[in-house]
2 protein chains.
Amino acid sequence: MKHQSPKRIIIVEDDNIIRNAFVTLIQQSGDYTVANAYSNAEAAIKNVKDDAPDICLMDIELPGMNGIEAIPKIKVLSPNTQVVVVTVYENDDLVFKALCEGASGYLTKNMPPQKLIDSLKELENGGAPMSTNIARMVVSSFHKNRQSPLTARELEVLELLSSGKSYSTIADQLFVDKETVKSHIKNIYLKLEVHSKAEAIEKAKKSKYI
Amino acid sequence: MKHQSPKRIIIVEDDNIIRNAFVTLIQQSGDYTVANAYSNAEAAIKNVKDDAPDICLMDIELPGMNGIEAIPKIKVLSPNTQVVVVTVYENDDLVFKALCEGASGYLTKNMPPQKLIDSLKELENGGAPMSTNIARMVVSSFHKNRQSPLTARELEVLELLSSGKSYSTIADQLFVDKETVKSHIKNIYLKLEVHSKAEAIEKAKKSKYI
DNA sequence: GAATGCTCACCCTTTTTGGGGGTAAATTAA
DNA sequence: TTAATTTACCCCCAAAAAGGGTGAGCATTC
């Protein structure tokens with residue numbers, strides 16, 4: 001088998017001390033080479049085709065374009081690059097935005113140095129490295145709220161309603177009359193204290209009933 | 001500081017050899033105590049209030065009730081118990097079902113033994129232990145498909161449509177005329193080759209455009 | 001400078017839908 | 001034996017959705 005050349009990494013991080021620490025840490029590991037290190041996203045994007053990185057470590061708060069916006073731009077120019085966010089922010093919103101934009105991992109800067117190298121290995125193995133809290137946030141985002149005021153049938157109806165189906169389609173799918181669906185929806189509105197489909201869906205999603 | 005009593009664990013696994021291996025492994029770690037070990041979900045559910053486990057290791061394929069169905073029953077009877085699925089299955093459907101039902105982690109049986117103990121520690125630290133492939137599946141589930149035939153504006157409209165909003169509400173939110181929204185939706189239907197809201201939403205979600 | 005694609009906006013029509021108000025039987029669970 | 005759930009029906013009517021077509025303004029691309 002042919003020898004694998006060491007994985008190429010770029011770093012986007014505006015703090016000089018942290019950036020240099022990452023460079024040193026990664027170079028010393030021996031298994032990776034730092035193709036380039038940037039203090040802003042624009043420069044990284046401009047050079048990403050030449051750098052041809054396997055992995056990009058991306059900070060979020062950066063001068064100019066922020067790290068979240070930078071992710072899709074990197075991915076378009078270099079689709080095989082895996083972007084891992086490395087930041088101090090553990091805010092739900094930022095985490096899910098980063099993942100939606102295409103991040104393959106999300107690390108917080110308070111991790112021990114060895115964890116960074118472990119994470120790179122995890123990426124190579126087809127994983128998605130995440131800090132402890134981030135993994136929990138991600139998994140929790142799937143959990144449903146079981147204290148729902150709605151009955152099982154009502155939840156079924158609301159689920160279908162939230163997928164854009166009409167009353168009659170829902171009725172067909174549940175093998176009941178359209179008027180029955182209407183009754184369920186009336187009860188859903190009563191319980192959720194709303195007066196329209198959109199409000200019901202919004203409230204149910206926010207409360208994680210569906 | 002007061003001494004913490006060792007975390008209590010129950011195991012639900014129908015294969016005697018594997019179950020006993022887990023028991024031995026966990027007992028030997030010293031940091032955990034096996035409160036009970038069951039070969040089926042029904043028995044585990046019956047005793048979960050008495051066992052009062054901090055953690056439940058749950059297999060999926062079991063005689064009688066399967067592990068996925070068992071998760072919510074365990075969580076209702078003992079809300080502070082963290083359920084971790086331990087299985088051979090890496091199927092997307094099962095993973096997401098397990099997480100939706102309330103699993104706090106998902107491990108595959110091909111892991112090295114030490115990984116199980118590490119995972120228990122990870123749980124204690126507020127994490128969500130996952131095998132490499134599972135973590136990638138979970139993170140990938142957030143990624144959007146960037147080869148969408150829809151324009152940015154059309155995606156915006158479709159996103160709002162999929163949240164149950166009416167044409168006029170969408171129009172207000174985007175500061176355009178209702179007729180403009182209609183035009184966009186007509187184009188969306190054309191491009192996606194559908195003839196209704198529900199079909200458009202279904203196709204867009206399936207293709208991960210939204 | 002012609003062509004294309006995108007965003008925006010208006011017109012017409014039709015059927016369907018959604019939401020409000022009631023009522024009530026059968027089943028199931030507490 | 002109450003209470004809750006699921007089912008189903010009636011009325012009404014405004015609003016919404018979907019189909020059709022047209023076209024201006026703008027940016028990009030060829």
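Residue numbers start from 1 in every chain, and the chains themselves are labelled A, B, ... in the order their sequence lines are given, proteins ahead of strands.
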- Would you state whether a donor and an acceptor, one from the side chain of K186(B) and one from the base of dG20(D), lie under 3.5 Å apart?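 Under the 3.5 Å cut-off, the side chain and the base do form a donor-acceptor pair.
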- Message: Taking atom types as they are modelled, would you say the side chain of K182(B) forms a donor-acceptor pair with the base of dG19(D) within the 3.5 Å cutoff?
- Response: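 Per atom types, the contact qualifies.
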Nearest-Å distance for atom pair [atom1]/[atom2], residues [X] and [N]:
| X | N | atom1 | atom2 | result |
| --- | --- | --- | --- | --- |
| R153(A) | dA29(C) | CZ | P | 15 Å |
| K165(B) | dG18(C) | NZ | C1' | 17 Å |
| I170(B) | dA9(C) | CD1 | C1' | 17 Å |
| N187(B) | dG20(D) | CG | P | 13 Å |
| I185(B) | dG20(D) | CD1 | P | 15 Å |
| L174(A) | dT5(D) | CG | P | 17 Å |
| E179(A) | dT17(C) | CD | C1' | 12 Å |

Would you mind telling me which of [options] lies closest to the side-chain atoms of [X]?
| X | options | value |
| --- | --- | --- |
| D177(B) | dA9(C), dC9(D), dC8(C) | dA9(C) |
| K178(B) | dA9(C), dC12(D), dA16(D) | dA16(D) |
| V176(B) | dC9(D), dA9(C), dT7(C) | dA9(C) |

Mind checking if [X] touches a base, just sugar-phosphate, or nothing, with heavy atoms under 4.0 Å?
| X | answer |
| --- | --- |
| K197(B) | sugar-phosphate |
| T180(A) | base |
| H184(A) | base |
| S168(A) | sugar-phosphate |

- Message: I want to confirm an ordering. Mapping P149(B) and S183(A) to their closest nucleotides on DNA chain C, which one lands closer to the 5' end?
- Response: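 Between the two, 5'-proximity favours P149(B).
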Just checking [X]: does its [atom1] atom have more than 12 heavy atoms from other residues, nucleotides or ligands closer to it than 6.0 angstrom?
| X | atom1 | answer |
| --- | --- | --- |
| K73(A) | NZ | no |
| K46(A) | NZ | no |
| Y89(A) | OH | no |

- Task: State which residues pass ring-ring contact (aromatic ring centres under 6.0 Å, His included) with F22(B); sequence neighbours excluded, sorted by chain then number.
- Result: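 By the ring-ring contact (aromatic ring centres under 6.0 Å, His included) rule, F22(B) matches no residue at all.
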Closer than 4.0 Å, any side-chain N/O of [X] to the OP1 or OP2 of [N]?
| X | N | value |
| --- | --- | --- |
| Y189(A) | dG18(C) | no |
| S166(A) | dT17(C) | yes |
| Y167(B) | dA18(D) | yes |
| H195(A) | dG20(C) | yes |
| T151(B) | dT7(C) | yes |

- Query: Do NZ/NE/NH1/NH2 and the carboxylate oxygens of E199(A) and K165(B) come within less than 4.0 Å?
  - Reply: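 Salt bridge absent between E199(A) and K165(B).
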- Please tell me which of E154(A) and A198(B) maps to the more 5' nucleotide of DNA chain D, matching each residue to the nucleotide holding its nearest heavy atom.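 It is E154(A), whose closest nucleotide lies nearer the 5' terminus.
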- Heavy-atom side-chain contact between I188(A) and L155(A) under 4.5 Å: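 Answer no - side chains too far apart.
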